[in-house]
Amino acid sequence: MESICSQYNRVPARIQVDNGSEFISKILDQWAYDNQVILDFSRPGKPTDNPYIESFNGSFRDECLNLHWFLSLPDAQEKIETWRQEYNSFRPHSSLGDLTPNEYLNKHQITSDSLLLTGT
């Protein structure tokens, strides 16, 4: 989160999360409070509340986290960034009409700034 926030010098008004241990931590709660971000939790045991992120999480785990040993924080950042670039730039997604996320953003003239400002 910090790299995204520092990259744009803004934070979203709301973040939709599930009840995983990484999202119910005191550290994230404090960060959200300090940055006036609302953490919108899905209902426990209801992955259908947020199917897109559940699908993304499965892909991220299967295609990145389960395939690599991370030897250091910089090593993890490099491997995750390589996966992110491939996921967004080269891989079509059926939920986006078989466009890559970057192609979808360009086709619909959506910018990262508009995503952050609207929270969508």
Side-chain angles (χ1 to χ4, degrees):
M1 256 188 304
E2 193 160 331
S3 63
I4 292 171
C5 297
S6 61
Q7 182 179 358
Y8 297 105
N9 294 320
R10 285 175 265 189
V11 296
R14 177 182 153 287
I15 300 174
Q16 186 171 353
V17 297
D18 64 18
N19 290 280
S21 59
E22 66 274 21
F23 298 120
I24 60 171
S25 70
K26 291 179 183 178
I27 293 171
L28 181 62
D29 188 51
Q30 185 64 53
W31 175 87
Y33 179 81
D34 291 345
N35 289 281
Q36 299 176 337
V37 173
I38 296 168
L39 296 177
D40 184 8
F41 289 93
S42 60
R43 297 173 294 168
K46 299 290 184 184
T48 54
D49 281 355
N50 199 0
Y52 295 112
I53 197 62
E54 294 295 335
S55 176
F56 171 82
N57 288 344
S59 296
F60 182 50
R61 179 155 310 282
D62 292 343
E63 300 166 10
C64 185
L65 299 179
N66 289 346
L67 296 181
H68 298 289
W69 287 94
F70 301 116
L71 305 174
S72 64
L73 182 57
D75 182 50
Q77 290 170 324
E78 180 182 330
K79 288 173 179 169
I80 291 168
E81 178 60 17
T82 298
W83 180 85
R84 187 188 69 81
Q85 289 292 332
E86 191 273 330
Y87 183 88
N88 287 327
S89 300
F90 302 107
R91 203 170 104 189
H93 296 252
S94 60
S95 64
L96 301 176
D98 291 320
L99 298 173
T100 69
N102 288 346
E103 290 171 333
Y104 184 87
L105 292 174
N106 289 334
K107 181 179 179 180
H108 296 283
Q109 299 178 348
I110 300 169
T111 66
S112 56
D113 285 343
S114 68
L115 290 171
L116 288 170
L117 294 174
T118 62
T120 59

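Fair warning: this is a prediction, and the values are worked out from it, not measured in the lab.
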* Could you go through the side chain to side chain contact (heavy atoms under 4.5 Å, CB included) check for Leu65 and Trp83 one step at a time? => CA-CA 10 Å; Leu65 299 179; Trp83 180 85; over 6 Å; no
* Asked: Given side chains that start at C-beta, do those of Ser59 and Arg91 come closer than 4.5 Å, heavy atoms only?
  -> yes
* Structure fact -> When rounded to the nearest 0.5 Å, the distance separating CG of Leu39 from CZ of Arg14 is 10.5 Å
* Structure fact -> Taken to the nearest 0.5 Å, the spacing of Asp62 CG from Leu67 CG works out to 8.0 Å
* Smallest separation among heavy atoms of Phe70 and Ala76, with atom names -> CD2-CA, 3.3 Å
* Look at the side-chain heavy atoms of Ile, Leu, Val, Met, Phe, Trp and Tyr, link any pair under 4.5 Å apart, and say whether Ile38 and Ile15 land in one connected group. => no
* Connected via hydrophobic side-chain network under 4.5 Å: Tyr33 and Val17 -> no
* Taking the six-membered ring for Trp, are Tyr87 and Phe56 ring centroids under 6.0 Å apart? -> yes
* Might you point out which heavy atoms bring Asp49 and Gln16 nearest each other, and give the distance in Å? => O-NE2, 3.5 Å
* Hey, what do you get for CG (Asp40) to CG (Asp18), rounding to the nearest 0.5 Å? -> 11.5 Å
* What's the shortest heavy-atom distance between Leu28 and Ser25, and which atoms? -> N-OG, 3.2 Å
* Answer yes if Leu105 and Leu96 sit in the same cluster of Ile, Leu, Val, Met, Phe, Trp and Tyr residues linked by side chain heavy atoms under 4.5 Å apart, and no otherwise. => yes
* Asked: Does Thr100 reach the side chain of Ser89, with side-chain heavy atoms less than 4.5 Å apart?
  -> no
* Asked: Are any of the side-chain heavy atoms of Phe60 and Ile80 separated by less than 4.5 Å?
  -> yes
* Of the options Lys79, Gln77, Gln85, which is the one that meets Glu81 in a side-chain hydrogen bond (donor to acceptor under 3.5 Å, both in side chains)? -> Gln85
* Evaluate whether atom CZ of Phe41 has more than 12 neighbouring non-hydrogen atoms of other residues, nucleotides or ligands under 6.0 angstrom away. => yes
